[in-house]
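Lettering follows sequence order; numbering is per chain, from 1. Only heavy atoms go into these numbers, but all of them, side chains included; no hydrogens, no water, no symmetry mates.
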Number of protein chains: 2
Amino acid sequence: METNIAAATLAALAQPTRLEIFRALVVAGPAGLAAGALAEQLAATPSVLSFHLKELRFAGLVDSATQGRFVIYRARFDTMTALLGFLTENCCARSNPQDASCCVPDLARKAPPLKSC
Amino acid sequence: METNIAAATLAALAQPTRLEIFRALVVAGPAGLAAGALAEQLAATPSVLSFHLKELRFAGLVDSATQGRFVIYRARFDTMTALLGFLTENCCARSNPQDASCCVPDLARKAPPLKSC
DNA sequence: TCAATAATTCGAGTATTATTGAAGCATGGA
DNA sequence: TCCATGCTTCAATAATACTCGAATTATTGA
């Protein structure tokens with residue numbers, strides 16, 4: 001991931017409402033959530049939500065699919081993966097051999113290894 | 001890390017110049033870099049740099065120490081670690097048991113295990 | 001066909017953020 | 001002491017981002 005893209009992706013997440021939207025979509029998983037359901041969960045007006053969803057979609061953090069009169073939104077894990085990759089590779093002590101500390105110290109301990117990893 | 005703090009930290013990084021500043025400081029490691037050296041590296045005017053460094057410091061992503069008439073800046077890895085922790089725990093498929101994919105798939109492969117991890 | 005529902009779009013108003021150039025404040029060396 | 005250096009601060013301006021409410025589009029079901 002290139003620096004300017006990374007900055008744009010970070011900017012998309014750098015807003016409380018949008019961060020919560022994304023979080024809710026991660027929790028919802030592959031089933032996704034309709035815009036209305038999101039609005040209810042986050043206590044946001046439809047137009048505000050629409051605005052933020054557009055930003056997230058533009059940044060590639062979210063996908064949308066129309067189902068009848070509902071629009072289902074889903075988190076795009078691939079983009080988040082790429083962003084985390086950028087941050088760990090470019091912005092972490094791990095990227096600097098002089099420093100023994102690292103930025104993802106707990107993952108190995110906390111989570112069991114996943115098959116797909 | 002709390003959601004609003006995470007959003008503020010993301011906002012601090014969500015700007016090309018600031019992202020490059022942080023990257024340069026990560027590469028510089030514990031020795032850090034003087035503001036002037038950063039300005040030269042990034043081809044930014046002193047006042048612009050000062051502005052962005054203030055933002056980064058406010059977000060806790062950067063530390064400063066005066067040495068004579070130089071001001072040395074250092075990346076704060078602890079804050080970055082906390083941010084990455086927030087993102088992997090709250091914004092990743094890993095946080096959703098229904099989804100088999102994950103957001104840090106390459107780390108185990110690419111990087112050798114660190115002692116301090 | 002008509003009314004209700006689900007979302008998006010638009011324009012206006014406000015707030016926040018970024019850039020610029022000039023001025024200011026220390027520090028170190030002549 | 002004086003000047004040059006390194007950096008910060010400030011005020012003004014420009015550019016972006018956010019919110020609100022009204023209008024619009026599209027779909028469903030009566």
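Distance from the side chain of Arg69(A) is smallest to dT28(D) among dC7(D), dT9(D), dT28(D).
The CD atom of Glu40(B) sits 11 Å away from the P atom of dC7(D) (whole-angstrom rounding). Across the protein-nucleic acid pair, Leu56(A) atom CG and dA17(D) atom C1' stand 14 Å apart, rounded to whole Å. Rounded to whole Å, atom C1' of dT16(D) lies 14 Å from atom NZ of Lys54(A). If you take CD of Glu55(A) and P of dC18(D), they are 6 Å apart, rounded to a whole angstrom. dG6(D) atom P lies 15 Å from atom OH of Tyr73(B), rounded to whole Å. Rounded to whole Å, the distance from CZ on Phe51(A) to P on dC18(D) is 5 Å.
Heavy-atom minimum distance, Leu13(A) versus Leu19(A): O-CB, 3.7 Å. When every heavy atom of Met80(A) is checked against every heavy atom of Phe22(A), the shortest pair comes out as CE-CE2, 3.5 Å. Here the shortest heavy-atom pairing between Ala12(A) and Leu61(A) reads CB-CD1, 3.8 Å. The two residues Leu49(B) and Ala44(B) make their nearest non-hydrogen contact at CD1-CB, 3.8 Å. Counting all heavy atoms, side chain and backbone alike, Gln41(B) lies closest to Ala24(B) at OE1-CB, 3.6 Å. Annotation for Thr88(B) and Gly85(B): closest pair OG1-O, 3.0 Å, computed over non-hydrogen atoms.
Contacts of Ala34(A) with the nucleic acid, taken as non-hydrogen atoms under 4.0 Å apart, involve only primed sugar atoms and P, OP1 or OP2. Using a 4.0 Å heavy-atom criterion, one finds that Thr66(B) contacts no nucleic acid atom at all. Base contact: Ser47(B) has a heavy atom under 4.0 Å from a base atom.
The distance from atom CG of Leu56(A) to atom OG1 of Thr9(A), rounded to the nearest 0.5 Å, is 10.5 Å.
Nearest-nucleotide mapping onto DNA chain D: of Val48(B) and Val48(A), the residue sitting toward the 5' end is Val48(B).
The backbone N or O of Ala31(A) sits less than 3.5 Å from a side-chain atom of Arg74(A), completing a donor-acceptor pair.
Taking hydrophobic clusters as Ile, Leu, Val, Met, Phe, Trp and Tyr residues chained together by side-chain heavy-atom distances below 4.5 Å, Ile72(A) does not share a cluster with Leu33(A).
The phosphate of dA17(D) (OP1 or OP2) has no side-chain N or O of His52(A) nearer than 4.0 angstrom.
DNA chain D forms stems at C:1-30 with D:1-30, each a run of 3 or more consecutive Watson-Crick or G-U wobble pairs whose two key distances fall under 3.5 Å.
In summary, contact between chain B and DNA chain C, defined as any nucleotide atom under 4.0 Å from a heavy atom of the protein, begins and ends at dA18(C) to dG28(C) in the 5' to 3' direction.
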